[in-house]
Amino acid sequence: MTSEDSLEQALAGGAPERVGWFRFYFADERWEWSEQVQILHGYEPGSVTPTTELVLSHKHPDDRQQVAGTLEEMRRTHRTFSTRHRIIDTRGGIHEVVVIGDQLLDDTGRLIGTHGFYVDLTPTEAQTTAMVSAAVAEITENRAVIEQVKGMLMLIYRVDAAAAFDLLRWRSQETNVKLRVLAEQLLAAYGELVYDETLPPRAAFDHLLLTAHQRVERSGDTVKP
């Protein structure tokens with residue numbers, strides 16, 4: 001293993017506790033939550049079967065109508081979406097989250113649902129301490145492209161630096177693409193967006209974030225032009 005691979009493994013190692021995936025199937029309105037999302041809502045992994053009613057029941061009362069509207073729009077248009085709101089876990093704890101979803105296709109390319117991820121923006125003290133590590137310092141010094149993409153994610157999703165890094169690291173793990181390579185692909189993709197004074201819709205960034213790994217050449221982990 002090269003020194004770069006060792007660093008990559010150290011940076012990407014360990015499942016980010018603040019990020020988890022979900023899936024929603026249109027045909028039977030069936031939800032799936034990763035272990036992290038179950039824990040985020042206060043459940044032991046494997047102890048809950050999420051439903052639309054359960055999903056909405058955990059939304060903060062002041063945000064529930066907004067989220068219900070987003071879900072209805074998602075069912076109707078089948079578009080990508082992103083939302084920032086609060087949820088209440090089973091112990092009464094309040095978490096501010098960003099949720100981003102993209103189209104879910106089956107093996108034949110048929111649209112069957114939506115999938116995406118939650119980012120918890122209210123980490124525990126232990127999680128915050130764990131993220132302030134030598135690895136982050138190493139990235140700051142030697143991985144400028146990761147810092148650039150992290151800054152972009154902070155601007156696009158209005159999250160802090162730690163949450164942006166967690167998000168990028170999670171996508172690296174989920175797609176089995178090296179952190180640096182994924183960042184390079186995102187930087188290239190964001191740079192190709194065409195716009196004047198106004199930024200493109202956030203859905204454009206959502207889609208690029210969720211599909212960047214598909215444009216990476218796996219042989220040697222090189223970025224496609």
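Fair warning: this is a prediction, and the values are worked out from it, not measured in the lab.
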- In Å, rounded to the nearest 0.5 Å, how long is the span from CD of Glu174 to CZ of Arg169? 12.0 Å
- Rounded distance (nearest 0.5 Å) linking atom CG of Leu56 with atom CG of Leu71: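 It is 5.5 Å, given to the nearest 0.5 Å.
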- Query: Below 4.0 angstrom, N of the basic side chain to O of the carboxylate: do Asp106 and Arg110 qualify?
  - Reply: yes
- Salt-bridge contact Lys150-Glu147 (side-chain N to carboxylate O under 4.0 Å):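 Yes, Lys150 and Glu147 are salt-bridged.
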If we ignore hydrogens and angles and just use 3.5 Å, is the side chain of [X] paired with the main-chain N or O of [Y] as donor and acceptor?
{"X": "Gln103", "Y": "Gly113", "value": "no"}
{"X": "Thr175", "Y": "His213", "value": "no"}
{"X": "His58", "Y": "Ile88", "value": "yes"}
{"X": "Arg86", "Y": "Asp63", "value": "no"}
{"X": "His41", "Y": "Val37", "value": "yes"}
{"X": "Thr90", "Y": "Tyr43", "value": "no"}
{"X": "Arg84", "Y": "Tyr157", "value": "yes"}

- Query: How are the rings of Phe24 and Trp31 set to each other: parallel, tilted or perpendicular (split at 30° and 60°)?
  - Reply: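 Aromatic pair Phe24/Trp31 classed tilted.
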- Do the rings of Phe81 and Phe22 sit parallel, tilted or perpendicular, given the 30° and 60° boundaries?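 Phe81 vs Phe22 ring planes: tilted.
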Return yes if a side-chain donor-acceptor contact under 3.5 Å exists between [X] and [Y], otherwise no.
{"X": "Glu53", "Y": "Thr51", "result": "no"}
{"X": "His95", "Y": "Asp89", "result": "yes"}
{"X": "Thr83", "Y": "Gln66", "result": "yes"}

- Message: Run Trp170 and Trp21 through side-chain contact (heavy atoms from CB on, under 4.5 Å) and show every step you take.
- Response: CA-CA 10 Å; Trp170 178 76; Trp21 58 260; 3.6 Å; yes
- How about Gln65: does its CD atom have over 12 heavy atoms from other parts shown lying under 6.0 Å from it? no
- When you look at CD of Glu96, are more than 12 heavy atoms from neighbouring residues, nucleotides or ligands closer to it than 6.0 Å?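 Yes - once you tally the heavy atoms of other residues, nucleotides and ligands closer than 6.0 Å, there are more than 12.
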- Test Leu186 against Leu168 for side-chain contact (heavy atoms from CB on, under 4.5 Å), laying out the working first. CA-CA 10 Å; Leu186 279 169; Leu168 184 61; 3.7 Å; yes
- Query: Do His115 and Tyr25 have ring centroids that are under 6.0 Å from one another?
  - Reply: no
For the residue pair [X] and [Y], establish whether any side-chain heavy-atom pair is separated by less than 4.5 Å.
{"X": "Ile112", "Y": "Phe26", "result": "no"}
{"X": "Leu121", "Y": "Val159", "result": "yes"}
{"X": "Asp120", "Y": "Val19", "result": "no"}

- Pair listing, salt bridge (Lys or Arg N to Asp or Glu O under 4.0 Å) test, anchored in residues 70-82, at least two apart: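 Checked against salt bridge (Lys or Arg N to Asp or Glu O under 4.0 Å) - neighbours excluded - the pairs reaching residues 70-82 are Glu29-Arg75, Glu72-Arg75, Glu73-Arg76.
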- In sequence, state the C-alpha distance, the side-chain angles, and the governing distance for Ser82 and Asp206, and then conclude on side-chain hydrogen bond (donor to acceptor under 3.5 Å, both in side chains). CA-CA 7 Å; Ser82 59; Asp206 299 343; 3.3 Å; yes
- Message: Please determine whether side-chain contact (heavy atoms from CB on, under 4.5 Å) holds for the pair Phe117 and Leu210, giving the CA-CA distance in whole Å, both sets of side-chain angles, and the decisive distance to 0.1 Å.
- Response: CA-CA 9 Å; Phe117 52 87; Leu210 290 169; 3.2 Å; yes
